[in-house]
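A short worksheet on the structure shown next.
Since the structure is predicted, the reported quantities are computational estimates derived from the model, not experimental observations.
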Amino acid sequence: MTDGRQPAGTGSALDLGAVLRLTARQLAGAAAGPGRIAELAADRVDRPDGLAGEEPGTALTVLVGEPGSGRTTELAALAVRRAGGARALPTLWLRGADLSPGDATLLPAVRRALGGEVPPSAAAAVCTAAGRPLLVLLDAPEEAPAVLGAAWWSAAVRELAESGVRLLVACRPESWEPHPGVGPVRLHRLGPLHGEALERAAHRYGVPVPPGPADPLRLRLAGDLRAAGVTHQPCDQAELVGGWFDLRCLRAAQRLAEEAARPASHRKGVPAPVTPGQVRRLAAAVAGRLHTAARRMLGLGQSILGRSDFAELFPAGGGWARAVLAERLLVPAGDGYRPAHEAVADWLQGRQLGLDAAVGRVLAARQRPGMPRHRIHLVAAALRAVGDRGGAPALEPWLRRLWQALTDPAAGPEAHWWAARLLRAALAGSPAPATHRALLTELAGRLAADGPRTALTGFGPAFWAGLALPDPLRWELLGLLIRADGPEQAHLQHAAARLRADGPAALPHLCRRLADGRGLPARPGVTVADLVQDLLYAHRALAVDELTEALVAAAHPRADALLTVLAAEEPSALCRAVDRWSHDPRPERHVAAAAYGLRTAPYAGRSGRELLRFTALTLLAREGEPQLHGAALALLVRDPLTRSAHLTAALAAYAADDPFVTPEILGLALASHPAAVLTAFETRLTRPGGVPGPVLRVLAEAAPLVGGGNAASALPDPATRLAGRLLHGHPEWAEPVAEYLGRRLARQCAGPGDLTALLGAAPGGRPPAVRRAFALMLAQQPQPWGSPRPEAGGGREVPSAADQPLRREFLDRLLATERDPAVLGPLLRRVAQHADRQPPERSRAVVRRLADAWPQGDGGALGLDALLVRCAGHSAAFARLLAEWPDDARPPAGGPGLRRMRALLARGRDPQYAAAEAEHAPVLALPVGSGGVPVPGRRRAHGTL
């Protein structure tokens, strides 16, 4: 049949053209859901998860999607695309209802679709030889007269693959779950529409774009209602389907009324008028018969109404059959009829289902299914019907029953499967999910306790986001669910999305979670509060003013910590906040204004400083809150515009130990009012219990004061003279005073006369503890070594070696008269500790000075010898310093320990190892050399442990 004009036949007469004509004829007559294939394909909108751009390239492709997701539309569009164009591709369309009870595989149905005369294998061979494999589209296998088990699928796929036929199945997700092991499968999932695809679909059906993802069927039904003048958009699926069903019943009733009013063909006259009451009564009759049809479909088990039942309920006489088919309340399916849309079928039959018996049947199942899994939508619809009729409280006992089965380890995997999905569907369909607060909390707690390895599947962020919950409950549950997150942090991402969507309204609820110290199973050491704190910080720009209010209302240490961070990073917002809080009638807000005003002040700009100034004046004017006056004075002293007017009061507050007026605050006034500030410092420190550290740190960081000296002047700074008087009266303050001098040296603010100002003209007359503190400070390398510090109160930071000449001069002056081992010993240890940070010649000079000054009587020489060896054992750099002492430099006098170390070095030991061994090993009788340490010809070692 190469000419293409003969009818399709078998054998040599069968060619590609004949097969294409057969398949085209079959597609033209096939029903696709609510209409013909071409009609349904024209209704499709482009979507990123669709099949339009994908040609099934494997033996088996499975397209899964929930009822109403557009599975049939995708198949129809694919079939039309394949059948059109210059290179048509052979495609057959089958529904599950086209199968017969005796079909052991799919091939008998394929043969019937080809007309019953063409063997499928022959047709497939012709197509394969032409490079155009035959594709069979099987839609809704759930409609098959018998349940298609795993064995049936395995045989069907194997037989089709052997014939060269490719198969694309479109079904509900539950229909494919029990069918593993059928060979390689390309699984394709359809979800709800979103983004541009949702906008295009909404425009197609003439409805507003929904705020969230939506299924195509929802838009189609809403479009039908809107076209009929129903402007109110139903809020849930049940209301939408019910409204569409009522509309179609009303239209069918109108057709019946018009049919009844039409005069008989042998009579003349005008039709009788149709009254609204007549149409309403007929609409109720149509709905009643459809509910009866739904009950009978339940008895058959596959949502198909037989022809005899259809003829009984919707006879041709009177126009009943024509009315329900014209309005597509029912459509042909195999040897019977079914509702046009799966969602409508589930809704309709769910209201006829014996729920108690059905739930008992599925929850009693152990390993085997109690009923086909794709019927779960029917049971879920029956549960939603309970909520529609009796409200959320009527649904609660059923939810508890499902929860009990889900958490019962003895219930079995099949019962768990049904319980989990029914519970999820019933909660999602509840008219008031917040009514089930206790159950939702238990569920979220169970997920949190199990962590990411939970066996309760399907309760992810999408489920919780779909529940219509009040914000307090939603955020309470999210606080639990965050603990169930795995590495992908799905619930945390949902919380972030909710925060971005809700904005300021979400902040108080999130801030309350800052007190949640529960840990995360998947992230040891991390708590819910940690995640919330990070989340708030990362999204602070969304509503920073509202965030500050939510944090201060939380009154939690974590909230305080985040506000402190915001003071540095968002000073403008904090300045606005403290200004608001200072005028707030609540006393606790005044405390917050005082505390955070001081924390924000160092970072405030010009407008921010103005707000802080007004805040301080407002706080100062509150006579009933004197405890906050110190904070107000501190803010006013910080501000150069108000400093002079309020410094006297601030100094009095400092003298009275006000916690807000600190040395750091008064240090800002040193440049303009040095005498008054220094007097206040000295007066307070001379009282019992004075702590010099904070004051001396402030003085060390201050710029040189008026009437003082600098690095080029011998006249000491007034601050240094104050430090000297403090040390004279309190020798126990030697360490903080020495630190003061060290910082001044590092900042090049010290002068040649500073040591005399601190220790007097004769440093040797001061107590050993004082001399030791200064010697240790002068011998150590300033920190951080080799890097500058930021400017602080004037003065400039310089490279670490810039202060060395004056530092060396001061140390030399101390060592000129020092003979006390209590000072020399710690100083030697400090030199050894910092040997790797000082030039070797400087370290050797200091060691030589210490050795010469060391007392020799009463075992002093042996003590020095032991200390040198011990220091070398603890410091690799010092050990190398001793080992590599130049020949032309006079080494320290040797003792038994150094002689032992020298002998070990001559044997090639590492200097530090040699020192450690010389310290602990018995002393050998070695010849006494020159007393020096260096050993000619020693092999150089690495010098480290």
Rounded to the nearest 0.5 Å, how far apart are [atom1] of [X] and [atom2] of [Y]?
| X | Y | atom1 | atom2 | answer |
| --- | --- | --- | --- | --- |
| Leu806 | Gln748 | CG | CD | 9.5 Å |
| Arg766 | Arg772 | CZ | CZ | 14.0 Å |
| Asp852 | Arg890 | CG | CZ | 4.5 Å |
| Asp560 | Arg558 | CG | CZ | 12.0 Å |
| Leu726 | Glu682 | CG | CD | 6.0 Å |
| Gln627 | Phe660 | CD | CZ | 8.5 Å |

Within the structure provided, determine whether [X] and [Y] are in side-chain contact (heavy-atom separation under 4.5 Å).
| X | Y | value |
| --- | --- | --- |
| Val637 | Val661 | no |
| Met901 | Arg909 | no |
| Leu574 | Tyr603 | no |
| Leu868 | Trp854 | no |
| Asp516 | Val532 | no |
| Pro840 | Glu884 | no |
| Ile665 | Arg638 | yes |
| His834 | Ser875 | no |

With [X] via side chain to side chain contact (heavy atoms under 4.5 Å, CB included) - residues at least two apart:
| X | value |
| --- | --- |
| Arg599 | Thr564, Ala567, Tyr596 |
| Ala559 | Leu514, Leu551, Ala554, His556 |
| Ala577 | Thr548, Arg580, Trp581 |
| Ala649 | Leu633 |

State whether the side chain of [X] and the backbone N or O of [Y] hold a donor-acceptor pair below 3.5 Å, judged by distance alone.
| X | Y | answer |
| --- | --- | --- |
| Tyr740 | Thr720 | yes |
| Arg743 | Arg697 | no |
| Arg609 | Ala604 | yes |
| Arg483 | Gly519 | yes |
| Thr686 | Thr683 | yes |
| Asp639 | Leu636 | no |
| Asp836 | Ala877 | no |

Under the salt bridge (Lys or Arg N to Asp or Glu O under 4.0 Å) test, residues paired with Glu735 that sit two or more places apart: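 Partners of Glu735 under the salt bridge (Lys or Arg N to Asp or Glu O under 4.0 Å) test: none.
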
Arg870: partners by salt bridge (Lys or Arg N to Asp or Glu O under 4.0 Å), with sequence neighbours left out: Glu919

Identify the heavy atoms of [X] and [Y] that sit nearest to each other, and give their distance.
| X | Y | value |
| --- | --- | --- |
| Pro716 | Gly753 | CG-O, 3.7 Å |
| Gly517 | Thr527 | O-CG2, 3.4 Å |
| Pro718 | Leu678 | CB-CD1, 3.8 Å |
| Leu741 | Ala750 | CD1-CB, 4.4 Å |
| Asp530 | Gly525 | OD2-O, 4.0 Å |
| Ala775 | Leu811 | O-CD1, 4.1 Å |

Any residue meeting side-chain hydrogen bond (donor to acceptor under 3.5 Å, both in side chains) with Ser843, in chain and number order, not counting sequence neighbours: none

Residues which pass side-chain hydrogen bond (donor to acceptor under 3.5 Å, both in side chains) with Ser672, listed by chain and number, not counting sequence neighbours: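 Counting only residues at least two positions away or on another chain, Ser672 forms no side-chain hydrogen bond (donor to acceptor under 3.5 Å, both in side chains).
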
Intermediate values then yes/no, side-chain contact (heavy atoms from CB on, under 4.5 Å), Leu722 and Leu699: CA-CA 10 Å; Leu722 169 60; Leu699 296 178; 3.9 Å; yes

Ring pair (Phe, Tyr, Trp, His ring centres under 6.0 Å) partners of His730, counting only residues at least two apart: Trp733

Under the ring pair (Phe, Tyr, Trp, His ring centres under 6.0 Å) test, residues paired with Phe681 that sit two or more places apart: Tyr654

Show the atom names and distances, to 0.1 Å, of all donor-acceptor pairs under 3.5 Å that link a side chain in residues 819-832 to residues at least two apart or in another chain.
residue, atom, partner, partner atom, Å
Asp820, OD1, Ala822, N, 2.9
Arg830, NH1, Leu776, O, 3.0
Arg830, NH1, Gln780, OE1, 2.8

Working for side-chain contact (heavy atoms from CB on, under 4.5 Å), residues Phe774 and Leu727: CA-CA 12 Å; Phe774 277 81; Leu727 180 60; 3.7 Å; yes

Salt bridge flag under 4.0 Å for residues Arg842 and Asp812: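 Salt bridge flag = yes for Asp812 with Arg842.
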
Short N-O contact, Asp717 and Arg744, less than 4.0 angstrom: yes

Sequence neighbours excluded, every pair satisfying salt bridge (Lys or Arg N to Asp or Glu O under 4.0 Å) that has a member inside residues 643-658: Asp657-Arg684, Asp657-Arg687

Quiz item: cation-pi between Arg540 and Tyr537, 6.0 Å / 45°: yes

